[in-house]
Every structure is written in structure tokens, then in C-alpha cells.
Trainee: 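Here it is, the structure in full.
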2 protein chains.
Amino acid sequence: MKRTGDQYLVKQINKSIVLDTIRRQSPLSRAQVSSLTGLHKGTVSSLVNELMENDLVKEIGTGPSSGGRKPVMLLFNKTAGYAVGVDLGVNYILTVLTDLDGNIVLERNVKISDRSTENVLTQLKISIREVIDRSPPSPYGVIGIGIGVPGMVDNKGQVRMTPNLQWNEIDLSGVLTKEFGCPVRVDNEANAGAMGEKQFGAGRKFSDLIYVSIGIGIGIGIVLRGELYRGASGFSGEMGHMTIEANGKPCKCGNKGCWELYASENALLESAEALPLPVQSTDGGNAPDLDVLLRAAHEEIPEVISMFGTVGQFIGIGLSNIVNTFNPEQIIIGNRMTTAEKWLKEPMLDAFHSRTLPVHRHRTKIEFSSLGTHSAVLGASHLAVSDFFDRMNLYMDR
Amino acid sequence: MKRTGDQYLVKQINKSIVLDTIRRQSPLSRAQVSSLTGLHKGTVSSLVNELMENDLVKEIGTGPSSGGRKPVMLLFNKTAGYAVGVDLGVNYILTVLTDLDGNIVLERNVKISDRSTENVLTQLKISIREVIDRSPPSPYGVIGIGIGVPGMVDNKGQVRMTPNLQWNEIDLSGVLTKEFGCPVRVDNEANAGAMGEKQFGAGRKFSDLIYVSIGIGIGIGIVLRGELYRGASGFSGEMGHMTIEANGKPCKCGNKGCWELYASENALLESAEALPLPVQSTDGGNAPDLDVLLRAAHEEIPEVISMFGTVGQFIGIGLSNIVNTFNPEQIIIGNRMTTAEKWLKEPMLDAFHSRTLPVHRHRTKIEFSSLGTHSAVLGASHLAVSDFFDRMNLYMDR
DNA sequence: AAAAGTTTGTATATCGATTGAACTAAGTTT
DNA sequence: AAACTTAGTTCAATCGATATACAAACTTTT
């Protein structure tokens, strides 16, 4: 049974539009909101008053006159509540507290060496507890928790598989809701990153974009018509396991020639094992890691630079597949591999341009993340904020 | 400026819901519509009366009583107007006239041998003119023309490129609007096919599906949340040019190792050239064509059957990429290669299953087109019908 | 400095769509 | 024949947006 229309729906739509307008373009007067939205002055007045009663909008004094009565400027009350965002990495937990506008208020980052489910869960709870305890007082308090995890999350928020964390079938959202008594939203890391860049980063001006998270593996977050597309069961975006060599290397996933075997951090580390590197690993071990390779590249060791080049080419191949598939306005490359932008970019773009149809070649914007390591954590907190507004029957992204 | 809410919007939403309910589940009484939609009896009555004034709904006498007054049964008036659908193939033009419910009333199929732009355009106009001239009288007459073309169509309806028809930058929609004086909707063949299957074929029950059109080349039509996704500029779905062999055969598109080089009709014909076939080509020439190969397969010639097997495997590889990317509920395979289902299916599914993540393996329904050669033409006519309802401020697909 | 004009924001009446309640119509069951 | 059921209409009530009028506060012109 579809949702039918009534006056309540009308009010909900208009109230959302008014709030959204103020949120994105404040400070704004009631008159400006009226002319920006096309809503009648009186309608804006009454909706703004209700939003003020709900602490979501506040008056901030008068603005300059343009030949008449001075306008009363309105502001989105971004500190009406706070949201927790978590980027649950394979070897770290990055936790932030943000206001309703995505500004970071508190931040906490812990390294994880013991990857057992128990330990990770414990550390996760400690991190969240800490930012919640220190959160400033506000009308709504902590309105929710958003978490990005490196794995597959179904559309009920259940973690189904994490290739690098050995978590299987964990009801993370249930566990944390119980622990903290506030709504918890779990999504995969690439979706969170896509939301982060769309809301706060390089993707702000675009409504059809693909966020390509290149870390240990590769996952993509798909934003179409301004909204995340999660697939029928929540498992879209597993493009790391797209075949780009029909008879290529075997992958853990069961497939052969998966993109991430050639274009991810793991691909880089694997080919690095063959080289004897003159730089020590950061954790003292013998295995090379990304930081070691980056330092080697900075020292202009040709073998290492050429390795980045090869990986960059394979990234470009995948990007051309993405463009042919989705025809997005923009592709944003994020996660750890962005730190190697300097050595990846050129070979990547060369491969992309040489393989792409002319119509796409210069139409699609290819950029690196503008939020750096914070795409996913900000996206995660935004998911919580967005859910909060949903619960208030106000919608942010429409 | 976003669309704001007012009473007119409410009415539009509810009227659409009422019409949609009647269209899909008729015959229905006003009372049934009310309980199915949740709308008040009075509301349904007044909206139905308006729809009857607009000739979109009609009464069809009383139905059986269930212990009270007999209900007056309502029907969607599918013959209030007619739409033209065209599947513009590389070597044929299939034209139909359908009622508003997608039932074919007239059909015309012409073979094209002279592929010059002029000749194709002339033939196209003749075909359309003929079905329009013979269309039955109706309140709205011919409400529009929908056309599926084998190439790239931008979001303004301009044909930008047809790899197998040598059409470039043709304003097909402009030309035909001028000629016939009714709205023309041009889209690519895969999008039309996707819409056809979604509305009338195998995809009726699904809202996230991918239609894979395998003919001379490969294109896909993407239906997400019940709606076609066309990409930022209208060029989504060019998955035929997705790389599946990083250093594979060069393709006309500039890329290497494109999927359609291994999994399309062309791929089949190319490998067939190596074989001396004991069957004559249909047009008397020496070059093998699909029909010849199908006859050879029916005669159980092992080399030919194995060729189909190889192509089937490559199709399966691409399908697994599609599943990893979109996580759709369903994949529908359409266009000419469906005629080889018998020999393609098993190798295709084998490759697919062996390459797909366990979560997807049995969750995604993989089917062959249920409309056969008519997916695209019915989809095209539906696009015209759907535009017609848009113009009436009534929406079908929401 | 007074008058005229402008801009902001509020108050009030009107409009239009849904809804609830009452009602009519037309059947079935007891 | 009376009681009950179901279908569909009518009409007043309600609610939200809008138009109009108006008050408040400021700028520009005379």
C-alpha cells in the first residue's frame, strides 16, 4: 500500500524544504527562504516558528537592510544534538562526535593489533562510550551512532562478512543499540565514504557519483540521484571482485582475475614482496607495508615508483568499467591508497583515457577524496544524523 | 528550487494511486480501491469520477454482492489512446501500435538491407505512418511514439552514436516530432528492453533488475527501485565495453578486452569464421550468421555447440560482474542471443556460479527474456505511454 | 524633518483536498 | 417482513497553503 497524500504530507514536505534551505544556505531571513523555496511568506513564517520550537532553527539577530525593515536572520541550530561516527578499520578504530552539520567536536583513534571479535567489540564500545560521555549538553543529546565496517552489511544492518576481520553474521547494530540505548546505523565502509564525500567533500555539487574505496581491497559506494544505492539486499558495490582478467589470479572470493587483486593496497604489497626494500617496516616486521613503500617512492626508488604505476594502470581500467556502467558525473577515489596519489594519478588517468569512449573521456570528473582519512567516519555520522531527521519526519536528501 | 507541497500535489498523488490501482488490479469497485489504497471512500469516489470524465476509467456494470449492495466494477480504459513503439534494429524495423496497457493492436516488421541514414529514416517514417493511419479511433488518439535505438542516446533524446548503424548526432526525436506532431521519446534499445520486461515480462515482480541485451554487441538496461537509471548524461549501461581481459583483443571503442568481444553474437560469428560450416547462410552469402549457427547446433555439430559453450561462459563472467556491482534481485537476458538459450544457459550458469560470492549465488534470479523479440518494442511503447501520463500529471511507476 | 516608498514579517479570510458521519441505495440473511 | 451488510454519495469539519491586508521598521526623496 503506497503512501497516500494528505495535508500532513504537504506540511512534512514543506517543512523539510524550509529546514534544508536554512541548513545549506544560512544565515537566511524568512523572506529569503520564501523566495528561494517559492513558498508563501506566511507559510515560511509558521513553519520556521515550529522549527524553532523544536530547537532546529534559531534567530541570530537582524541583518542589513536593503531599503526597508531589517530582516531577522535564521540559522540552522547545528548543536541541537550530536552524532557519533565510527570508521571501523581493519587495524584501527576512528571515532568522532560531530554536530548535526558534520563538524567534528571530538575525535579518538585507536590502533588495533588483536583482531579478535571480542577485542574489537570491546575497543569499539570503549571508544564510543568515551565520546558520548564527553559530548556537550544539548536539547537532543546524542541522537545516534553510525558505523562503517570493512565488509558486507545487509539491508537490516547485520554484518554478514568481513574478509579481513573474520567477522561473520554479527548483529552489530543490535549489540550497540542495547549497549548505548540510541539508534545505531551500520553500513559498509565504501557506502559511508560515499556519503561523507557527497555531503561534506568533493561530491557536494554532484548527484550521480561513485566513491571508490581503495584500501586492502576495493569497494565502491554508489550515489545515484543524490541517494545511496545499496542494492536489493545491501550488497551492491562489491566491484573489487569484478573480473578484469578472465583467467587471472584466483581470489579468496572464488572468482578469478578480480580487480582488487591488481589494483589495491594488497596488490601493491604482494608485488613488493619480490623486491628487497632498503626501508624498514613501521612495525619492525619484515613484511612491507604501504608506509614503507610510500617512503621508498619519496626516495624515488624506480622499482617502487613503477610498481605504483602498474597498480595505477589497473585502477584506471576499473574506472573505465565504472564509467561505462554508471555514466556518473564524478568518480572519487578514497581510502588509504589516496596517500599514493602522486604516483598513481598519471598512470591511472592514462589508462582511463586510453580505454574510455570519447563521450566519457572529459565529461567524467575523476578526483581524489577531499576528506582524506575522514570520508567514511563523517559519512557514518551523517547516516546517523540523516536517520534522526527521518525520525522527526524531516528529510535531508530529497 | 524543489517542488513544494500543496493541495494540488496531494490530489495528483492520490489520483495517480487510484488510477494505478485500477490499472493493475481491475476489475475493482470503488470500495475495494478504498480499502486497497487506504484512501477514504468519498475521496475515491470523487477521484474516480474525475478519471471517468477524462476517459481513463470506465464502469463495467455490477459485480457479485457479498451480502449487500452490488459493487459497480471499474476498469482501466486501456483504449482511451494508443501508443507507437519502435524497435529500430540494425537490420530491421519492428513497429507496433499498443493500447495504454501494452497490448499489441497492430504490428509491422520490415527488413533493412540498405543501412544508409536516409533509407532507414524513410522506412522508419513509413512504418510509423502506417500504424498511425490504421490506429482505431479513440478519445486521445495516438498519444506518442517511443523508439529504441541500438546506440547511445543522451538525456535529451539525441542519438549520439550507433556503432552498427553509422548514425551520429541525429536529432531523431526532433525529426519525428515534426513529422508526426506528437511527442516522441527516444531511448537506447537496452533501456527500452528493460522497461518492457519490467512492465510486461519477466521483471514484473521485481524492482531492482538488470536487463542484458545481447545482440551484435551488449548493452544493459538498469532498473533500480522500479525506475530506469540512465546515468548523468544518458549513457549508462555500456557494459559491453567493460574490460574483462586487461590485455585482450582491441575493440573499436578504443579499449581492450571488452566483454562484448567475447560474449556477443559478433564474438560467436567471429569464431565461427574459422570453422567450415556445412550449412548455407540464410542470405545466400558465405558469411555465417546466427541462424546458420543455430541450425548447426540443432544438428548437434560439436564444434558449434562448444562455441556456444565458450560464449556462454563469457556471458557468465559478465553476469557475475553485474551482480557484484548492482546486487540486483534479477537479471534478464534478452535480444537475439536468447534464441540460443538451450546451448548457452548451462555454461553461462556454471561460470556464474563458480565466480560469484556465496551470498549472491542463489539469491539472484537469472532468467531469459519472457517477451522474446518484443521486449524493446513494448518497452518503447511503454515509454510513450508513461510520458503521456506524466503530461496528464499522473504517474505510473511510483 | 516630513513624506513617500520598500522590505520584513504577521494576522485573517478564503480555497481546496481529505476525512468522518450521516445518509441513501440495494442487496442478503434470519 | 425485519434485521443486517455492503456500496456509494453528501455535507460539514478540519487542516495547510495562499492571497490580501496590515503593521513594523527601515531608506530615499523632497
Side-chain angles (χ1 to χ4, degrees), chain A residues 1-19 21-22 26-53 57-75 393-394, chain B residues 1-19 21-22 26-53 57-75 393-394:
Chain A
M1 198 155 78
K2 286 175 202 158
R3 161 125 199 218
T4 56
D6 56 14
Q7 287 126 315
Y8 187 69
L9 173 71
V10 170
K11 188 167 184 177
Q12 193 176 306
I13 291 172
N14 292 340
K15 208 167 170 179
S16 298
I17 292 176
V18 168
L19 179 60
T21 307
I22 296 173
S26 57
L28 237 42
S29 68
R30 288 169 176 78
Q32 285 175 300
V33 173
S34 167
S35 76
L36 282 170
T37 57
L39 286 166
H40 191 266
K41 292 194 298 178
T43 308
V44 171
S45 256
S46 88
L47 293 175
V48 163
N49 289 340
E50 286 187 30
L51 288 168
M52 291 203 301
E53 277 168 30
V57 164
K58 60 185 178 190
E59 293 182 341
I60 192 80
T62 56
S65 157
S66 57
R69 173 173 164 181
K70 285 185 178 171
V72 179
M73 303 315 281
L74 302 167
L75 232 53
N393 288 315
L394 293 164
Chain B
M1 196 155 80
K2 287 174 200 158
R3 160 123 202 219
T4 56
D6 56 13
Q7 288 131 307
Y8 188 69
L9 173 71
V10 170
K11 188 167 183 177
Q12 194 176 306
I13 291 173
N14 291 339
K15 207 165 169 180
S16 299
I17 292 177
V18 167
L19 179 61
T21 307
I22 295 173
S26 59
L28 236 43
S29 68
R30 289 168 175 78
Q32 285 175 301
V33 173
S34 167
S35 77
L36 281 170
T37 57
L39 286 167
H40 187 265
K41 292 193 298 177
T43 308
V44 171
S45 258
S46 87
L47 294 175
V48 163
N49 290 339
E50 287 187 30
L51 288 168
M52 289 202 302
E53 277 168 30
V57 165
K58 60 185 177 188
E59 293 182 342
I60 191 80
T62 56
S65 158
S66 57
R69 172 174 164 180
K70 284 184 178 172
V72 179
M73 303 315 278
L74 302 168
L75 231 54
N393 289 315
L394 292 164

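Both backbone and side-chain heavy atoms feed into the values below; hydrogens, waters and symmetry mates do not. Per chain, numbering begins at 1; letters A, B, ... match sequence-line order.
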Trainee: Return the 5'-most residue of the pair A:Thr43, B:Ser46 with respect to DNA chain D, ranking by each residue's nearest nucleotide.
Mentor: B:Ser46
Trainee: What is the distance from CG of A:Leu9 to P of C:dT19, rounded to the nearest Å?
Mentor: 11 Å
Trainee: Got a donor-acceptor contact below 3.5 angstrom from the A:Thr62 side chain to the A:Pro71 backbone?
Mentor: no
Trainee: Measure from the side chain of B:Gln7, starting at C-beta and using heavy atoms only, and say which of D:dG8, C:dG16, C:dT19 lies closest.
Mentor: C:dG16
Trainee: Identify the residue among A:Glu59, A:Lys58, A:Gln32 that makes a side-chain contact (heavy atoms from CB on, under 4.5 Å) with A:Leu74.
Mentor: A:Glu59
Trainee: Between the base of D:dG16 and the side chain of A:Lys11, is there any donor-acceptor pair under 3.5 Å?
Mentor: no
Trainee: Side chains of B:Val48 and B:Val33, heavy atoms from C-beta outward: is any pair under 4.5 Å?
Mentor: no
Trainee: To the closest 0.5 Å, what do you measure between CG (B:Asn49) and CG (B:Leu47)?
Mentor: 9.0 Å
Trainee: Report the distance from atom CG of B:Leu47 to atom C1' of C:dT19, rounded to the nearest whole Å.
Mentor: 13 Å
Trainee: On DNA chain C, does the nearest nucleotide to B:Glu50 precede the nearest nucleotide to B:His40 from the 5' side, or the other way round? Give the residue.
Mentor: B:Glu50
Trainee: Find every protein N or O atom lying less than 3.5 Å from an N or O atom of nucleotides 26-30 of chain C, and list the pairs.
Mentor:
unit_1	atom_1	unit_2	atom_2	d
C:dA26	N3	B:Arg69	N	3.3
C:dG27	N2	B:Gly67	O	3.3

Trainee: Taking any heavy-atom pair under 4.0 Å as a contact, classify B:Val44: base, sugar-phosphate, or nothing.
Mentor: nothing
Trainee: Nearest whole angstrom, please: distance from the P of C:dG9 to the CG of A:Asn49.
Mentor: 11 Å
Trainee: Between P on C:dG16 and CG on A:Asp6, what's the gap in Å once rounded to a whole number?
Mentor: 19 Å
Trainee: Between P on D:dG8 and CE on B:Met52, what's the gap in Å once rounded to a whole number?
Mentor: 10 Å
Trainee: Could you work out which one of D:dA7, C:dT8, C:dT18 sits closest to the side chain of B:Ala31?
Mentor: D:dA7
Trainee: Looking at A:Arg30, is its backbone amide N or carbonyl O close enough to the side chain of A:Ser34 to form a donor-acceptor pair, meaning the two atoms are under 3.5 Å apart?
Mentor: no
Trainee: Using a 3.5 Å distance criterion without hydrogens, assess whether the side chain of A:Asn14 forms a donor-acceptor pair with backbone atoms of B:Thr4.
Mentor: no
Trainee: Which one, C:dG9, D:dG8, D:dA17, comes nearest to the side chain of B:Ser29?
Mentor: D:dG8
Trainee: Rounded to whole angstroms, how far apart are CG on A:Leu74 and P on C:dT8?
Mentor: 12 Å
Trainee: Calculate the interatomic distance between A:Tyr8 atom OH and D:dA17 atom C1'; express it in whole Å.
Mentor: 17 Å
Trainee: Is the backbone of A:Gly67 close enough, under 3.5 Å, to the side chain of A:Ser65 for a donor and an acceptor to pair up by distance?
Mentor: yes
Trainee: On DNA chain C, compare the nucleotides closest to A:Thr4 and A:Gln32; which residue's is nearer the 5' end?
Mentor: A:Gln32
Trainee: Less than 4.0 angstrom between a side-chain N/O of B:Asn14 and OP1 or OP2 of C:dT18, yes or no?
Mentor: yes
Trainee: Between C1' on C:dA17 and NZ on B:Lys41, what's the gap in Å once rounded to a whole number?
Mentor: 18 Å
